[in-house]
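A quick write-up on the structure given underneath.
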Number of protein chains: 2
Amino acid sequence: MKASQGVEWGLHLCMLLAFAEPHQTVDATSLAEYHELPLPYLRKILQALTRAGVLESVAGPTGGYRLARSADQITFLDIFSAVEGDQNAFRCTEIRQKGPTGLDQKCYPAACAIAATVWAAEQAWRDHLAGVSLFDITDGLTALAPPGQHELAITWLTKHTRA
Amino acid sequence: MKASQGVEWGLHLCMLLAFAEPHQTVDATSLAEYHELPLPYLRKILQALTRAGVLESVAGPTGGYRLARSADQITFLDIFSAVEGDQNAFRCTEIRQKGPTGLDQKCYPAACAIAATVWAAEQAWRDHLAGVSLFDITDGLTALAPPGQHELAITWLTKHTRA
DNA sequence: GGTAATGTGGATATGATATATCCACATTAT
DNA sequence: ATAATGTGGATATATCATATCCACATTACC
Ligand code: SF4
Ligand code: SF4
């Protein structure tokens, strides 16, 4: 089981944008350079985040991306779902209905105990991700002493944000 | 993010074997027929479960597979890890070290807060899977009235188990 | 001891999916 | 009008899951 690479990208992108001033945007080219990511594919991730309502896009010469709402209102689950979709990792193919002991389909009104257990575990995982917001992380970073990498990020932002 | 098909197979295989008497074995061909699965690939799953110590294999004409320990000692996590491996779903490629604000590698002694958060969520998922054993499921099934599909499974087992 | 039935492991083929790229078009500041 | 940007679709490539095959080891039975 593997999460797509775009999840890491999405989390970092949103973290960076969380340090920018509200309403200011950063264009895709600058974001790609910041993380040394392939621009064409990065655009796909940005579009997915926009469609999911995590980011806002602004077209035009001074356009770019910004958070769609405040950092404390964006959870890790929001970003994960935006990039990965919200399908369950465990997909049931109903093999219990196959083979010599298979019964008619109407005998299976609900998910079995096996699937219920695995899906409950996935829910526990989602609950954990939903409990952490971008603000929780940025707040933890800025509280650290001495100043770390995020200071460099903020300095970089002053040169790549637009009104 | 998708879990491999083999997880569903592995869970069902172990569930079925949990209904068999201890020490009795079921051969791979019968297991494949029971679930209508492709025999050659099913063997791979069985071998993975054996390597992981979930199943025991017996060679020879009356050989086959059986649980390596009692059903209450085999958790869903055991089966999942056996089939999927124990790598994290979220893989960090350290993109924070890249780009204009990247620092020397020795500046990153530990995982960042982003990775720590995601991995903690995965741990919550594992904890849940580790909390459910095969016995928990079979016990729940046999307690149900009226008798369900597992009765058919037990009958089938009487014809396909070996000493 | 010979034979047949079974499991094991490696190599390999196939298919699905993630990753990456490109292009025609819509939007908007200047 | 122009240029810079984001959007969406189509497509190529790489990677991995799925599926298959074969030579060999093990063991019950004759
Ligand atoms: S019995 Fe459960 S796990 Fe198996 S195929 Fe049906 S729903 Fe899925
Ligand atoms: S900052 Fe965190 S998530 Fe990003 S690459 Fe480093 S460890 Fe991974």
Side-chain angles (χ1 to χ4, degrees), chain A residues 1-10 13 17 23-33 35-66 68 80 83-85 87 89-91 93 95 160-163, chain B residues 1-10 13 17 23-33 35-66 68 80 83-85 87 89-91 93 95 160-163:
Chain A
M1 195 169 63
K2 197 165 87 91
S4 111
Q5 197 67 41
V7 172
E8 184 182 9
W9 299 4
L13 291 167
L17 291 173
H23 296 291
Q24 288 198 317
T25 63
V26 184
D27 65 284
T29 305
S30 296
L31 290 172
E33 285 170 2
H35 290 305
E36 288 185 8
L37 300 177
L39 176 58
Y41 190 44
L42 177 66
R43 292 199 128 105
K44 293 299 183 192
I45 307 297
L46 288 166
Q47 287 171 21
L49 288 165
T50 304
R51 263 195 308 275
V54 173
L55 297 185
E56 270 178 4
S57 66
V58 177
T62 65
Y65 294 90
R66 65 180 164 229
F80 203 101
V83 176
E84 283 280 350
Q87 275 197 310
F90 179 80
R91 318 276 166 85
T93 59
I95 64 176
H160 293 83
T161 48
R162 292 124 170 234
Chain B
M1 194 168 63
K2 197 166 86 89
S4 108
Q5 197 68 38
V7 171
E8 185 182 9
W9 300 3
L13 292 167
L17 291 173
H23 296 293
Q24 288 197 315
T25 63
V26 183
D27 66 284
T29 305
S30 296
L31 291 172
E33 284 169 3
H35 290 305
E36 288 186 8
L37 299 177
L39 175 60
Y41 189 44
L42 177 66
R43 292 198 128 103
K44 293 301 183 192
I45 307 298
L46 288 167
Q47 286 172 20
L49 287 165
T50 304
R51 265 197 306 277
V54 173
L55 297 184
E56 269 178 5
S57 66
V58 178
T62 65
Y65 295 89
R66 63 178 166 232
F80 202 101
V83 177
E84 283 281 351
Q87 277 198 308
F90 179 81
R91 319 276 166 86
T93 59
I95 64 176
H160 293 84
T161 47
R162 292 122 171 237

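The sequence lines fix the lettering, A, B, ..., with proteins before strands; numbering per chain opens at 1. Computation of the quantities below employed the complete heavy-atom set of this structure, encompassing side-chain atoms and omitting hydrogens, waters and symmetry-equivalent molecules. Bear in mind that the values here come from a model prediction, so they are computed numbers and not experimental data.
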Whole-Å distance between [N] [atom2] and [X] [atom1]?
X: B:Lys44; N: D:dT20; atom1: NZ; atom2: P; value: 13 Å
X: B:Tyr65; N: D:dT27; atom1: OH; atom2: C1'; value: 15 Å
X: B:Leu42; N: D:dC21; atom1: CG; atom2: P; value: 15 Å
X: B:Arg91; N: D:dT15; atom1: CZ; atom2: C1'; value: 12 Å
X: B:Leu39; N: C:dA5; atom1: CG; atom2: P; value: 15 Å
X: A:Leu31; N: D:dT5; atom1: CG; atom2: P; value: 12 Å
X: A:Arg162; N: D:dA4; atom1: CZ; atom2: P; value: 11 Å
X: A:Met1; N: D:dT18; atom1: CE; atom2: P; value: 13 Å

(message) Judged by each residue's nearest nucleotide on DNA chain C, which is more toward the 5′ side, A:Pro40 or B:Lys2?
(response)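 So the residue in question is B:Lys2.
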Going by heavy atoms in the side chains, are [X] and [Y] under 4.5 Å from each other?
X: B:Met1; Y: A:Phe80; answer: yes
X: B:Arg162; Y: B:Asp27; answer: yes
X: B:Leu13; Y: B:Leu42; answer: yes
X: B:Glu56; Y: B:Thr50; answer: no
X: B:Leu49; Y: B:Val83; answer: yes

(message) Assuming nearest nucleotide by heavy-atom distance, tell me which of B:Gln5 and A:Leu46 is located more 5' along DNA chain D.
(response)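 Here A:Leu46 is the residue nearer the 5' end.
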(request) Please work out if A:Pro38 contacts a base, only the sugar-phosphate, or nothing of the nucleic acid, heavy-atom cut-off 4.0 Å. (result)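 Sugar-phosphate contact only - A:Pro38 comes under 4.0 Å of backbone atoms but never of a base.
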(request) If a protein heavy atom is under 4.0 Å from the base, mark B; if only from the sugar-phosphate, S; if neither, -; do that for nucleotides 24-30 of chain C going 5' to 3'. (result) ---BBB-
(request) Report yes or no: do B:Gln5 and A:Thr93 form a side-chain donor-acceptor pair below 3.5 Å? (result)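 B:Gln5 vs A:Thr93: donor-acceptor pair found between side chains.
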(request) Indicate whether OP1 or OP2 belonging to C:dA20 is found under 4.0 Å from a side-chain N or O atom of A:Arg43. (result)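 Negative; the distance criterion is not met.
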(request) Considering just the side-chain nitrogens and oxygens of B:Tyr41, establish if one lies under 4.0 Å of OP1 or OP2 belonging to C:dT14. (result)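 No, because none of the side-chain N or O atoms of B:Tyr41 sits under 4.0 Å from OP1 or OP2 of C:dT14.
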(request) For A:Glu36, enumerate each residue passing the salt bridge (Lys or Arg N to Asp or Glu O under 4.0 Å) test, keeping only those at least two apart in sequence or located in another chain. (result)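 A:Glu36: no salt bridge (Lys or Arg N to Asp or Glu O under 4.0 Å) contacts found.
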(request) Just compare C:dG7, C:dA11, D:dT7 and give me whichever is closest to any side-chain atom of B:Asp27. (result)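 For B:Asp27, the side-chain atoms sit closest to C:dG7.
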